[in-house]
Amino acid sequence: MQRQRHPALQGGGSIKPGGIYWMRYIIPALLVYTLFMAYPMIDSVRLSLYEGTTGTRDFVGLANYVRLFTDQVVSTRFWNAFKNNWIFFGWHMILQNALGILFAAILTNRTMKGRQVYQTMIFIPCTIAVLVTGYLFKLMMNPVWAGDTLRRAGLGFLVRSWLGDRSTALNCVSLVSVWQWVGIPTMMFVAAFQGIPDELIEAADIEGANAWQTFTRIRVPMIVPVIGMVAIMTFVSNFNAFDVVFSMETLDGAPDYATDLIGTLFYRYGIAGQHPVGIPEPGLGSAISTCIFGMLLIGVLPTLRATQGKE
């Protein structure tokens, strides 16, 4: 007797276990990744061994790396931007992700009403262009533009040049970025919390565990892989940050390089040209990006190993 086939497969070939049909779906994405990500990254390493512009490049070996770490001006700018990037990352890693877990825990409380509304409110800032967000907060923090409004509201103590003060500029830029992007880890943690089996939570209730014990001993340990992925995403994205400083300060990381990040430093040296000379140095810029890529690998690989695959 002939075997009946499912109507959805009538007129087509059957899918055999272990086949390589899945490759047709991976190849387009692999080609796009290779063309726009892998090739530029590898070519950047090659470019770091040369000096000069497009028409007059000369092979100089590791001279750009030696200059990056020994030249007084370049080295000072690099380590300053590196330090600022860690402060910028620290705000996101500690505050943004902690708020993400807190918001997710609240939003997954089944007795809470209007959860979808609050989820939308938290995620909306992520849909706004960074340049728009940065410019609006720049106006709100400007004592000339917002001073009268704040004084009328009884908030005169907030009237000061937040972005013009070295001691507050980087913190303000970081907090604006945290406000805008907290919705992404929140949604990831919401999905992770929703994937925890209800039987575990019910068993904890039966055993007499309170809400805090359930949260710290069951819910958080169950989403450790997601926490690791969020940490990696935060680490990589923050060390590539550029637009928030560009929109709120200047490409020089004003005031006095207090908000200068690796992204703005790379742009000045590799693309726009460092003031006051203004001549791009693609080789030095590529050396900066290659060093940061190596540092990202050093930070990402141990995190992956420590968090992924844990139950």
Side-chain angles (χ1 to χ4, degrees), residues 84-109 112-147 149-150 153 155 158-165 168-195 220 223 226-251 253-254 258-264 267:
N84 291 340
N85 241 126
W86 277 104
I87 297 173
F88 187 78
F89 164 72
W91 276 108
H92 288 76
M93 187 64 191
I94 298 173
L95 181 59
Q96 174 184 281
N97 293 342
L99 287 175
I101 292 179
L102 175 62
F103 291 157
I106 296 173
L107 292 172
T108 51
N109 186 345
M112 181 181 180
K113 297 181 180 179
R115 286 181 293 171
Q116 283 121 2
V117 176
Y118 293 114
Q119 287 181 16
T120 303
M121 291 174 61
I122 293 173
F123 193 77
I124 279 179
C126 300
T127 65
I128 305 174
V130 178
L131 294 179
V132 174
T133 301
Y135 183 72
L136 290 176
F137 274 93
K138 183 178 182 178
L139 292 179
M140 289 190 287
M141 294 181 184
N142 190 321
V144 176
W145 285 86
T149 302
L150 290 173
L155 300 174
L158 293 177
V159 181
R160 60 175 294 184
S161 182
W162 295 100
L163 298 177
D165 188 340
T168 59
L170 181 59
N171 294 331
C172 290
V173 172
S174 302
L175 288 173
V176 170
S177 182
V178 167
W179 173 84
Q180 178 160 27
W181 299 114
V182 69
I184 292 181
T186 297
M187 295 302 106
M188 294 182 67
F189 291 137
V190 165
F193 281 140
Q194 289 176 339
V220 171
I223 65 167
V226 178
I227 293 175
M229 288 305 302
V230 171
I232 290 171
M233 290 173 56
T234 305
F235 186 57
V236 174
S237 63
N238 279 262
F239 272 82
N240 289 314
F242 169 83
D243 41 12
V244 63
V245 176
F246 175 74
S247 60
M248 296 188 68
E249 294 288 0
T250 66
L251 290 176
T259 58
D260 195 19
L261 303 179
I262 294 296
T264 53
Y267 179 84

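The figures that follow rest on heavy atoms only: side chains count, while hydrogens, waters and symmetry mates do not.
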What do the steps show when you test Asn97 against Ile227 for side chain to side chain contact (heavy atoms under 4.5 Å, CB included), and what is the final call? CA-CA 9 Å; Asn97 293 342; Ile227 293 175; over 6 Å; no

Taking C-beta and beyond as the side chain, do Asn238 and Met93 meet within less than 4.5 Å on heavy atoms? no

Going by heavy atoms in the side chains, are Ile101 and Phe193 under 4.5 Å from each other? yes

Roughly how far apart are [X] [atom1] and [Y] [atom2], rounded to 0.5 Å?
| X | Y | atom1 | atom2 | value |
| --- | --- | --- | --- | --- |
| Leu163 | Met248 | CG | CE | 4.5 Å |
| Thr120 | Gln116 | OG1 | CD | 7.5 Å |
| Leu175 | Phe137 | CG | CZ | 9.5 Å |
| Arg160 | Leu150 | CZ | CG | 13.0 Å |
| Leu136 | Leu131 | CG | CG | 11.0 Å |

Shortest non-hydrogen contact between [X] and [Y], atoms and distance:
| X | Y | answer |
| --- | --- | --- |
| Leu261 | Ala241 | CD1-CB, 4.0 Å |
| Met141 | Val176 | CE-CG2, 3.7 Å |
| Gly253 | Val245 | CA-CG1, 4.4 Å |
| Met112 | Ile106 | SD-O, 3.3 Å |
| Cys172 | Trp162 | SG-CB, 3.7 Å |
| Val130 | Ser247 | O-OG, 3.7 Å |

If you count heavy atoms of other groups shown closer than 6.0 angstrom to CD1 of Ile94, is the number above 12? no

Determine whether more than 12 heavy atoms belonging to other residues, nucleotides or ligands lie under 6.0 Å from atom CE of Met140. yes

Using the ring pair (Phe, Tyr, Trp, His ring centres under 6.0 Å) rule, collect all pairs that involve residues 226-249, keeping only residues at least two apart or in two chains. Trp86-Phe235, Trp86-Phe239, Phe89-Phe235, Phe235-Phe239, Phe242-Phe246, Phe242-Tyr267

Let me see the working for Ile184 and Phe123 under side chain to side chain contact (heavy atoms under 4.5 Å, CB included), right down to the final yes or no. CA-CA 7 Å; Ile184 292 181; Phe123 193 77; 4.2 Å; yes

Tell me if a side-chain donor or acceptor on Gln180 pairs with a main-chain N or O of Ile128 at a distance below 3.5 Å. yes

Keeping Ser177 on the side-chain end and Ser174 on the backbone end, is there a donor-acceptor pair under 3.5 Å? no

Audit row: Asn171, Trp91, side chain to side chain contact (heavy atoms under 4.5 Å, CB included) steps and yes/no: CA-CA 8 Å; Asn171 294 331; Trp91 276 108; 3.0 Å; yes

Going by side-chain contact (heavy atoms from CB on, under 4.5 Å), Phe103 matches just one of Ile122, Thr108, Val190. Which one? Ile122

Let's go through Thr259 and Thr264 carefully: what are the C-alpha distance in whole Å and the side-chain angles of both, what is the deciding distance for side chain to side chain contact (heavy atoms under 4.5 Å, CB included) to 0.1 Å, and is it a yes or a no? CA-CA 9 Å; Thr259 58; Thr264 53; over 6 Å; no

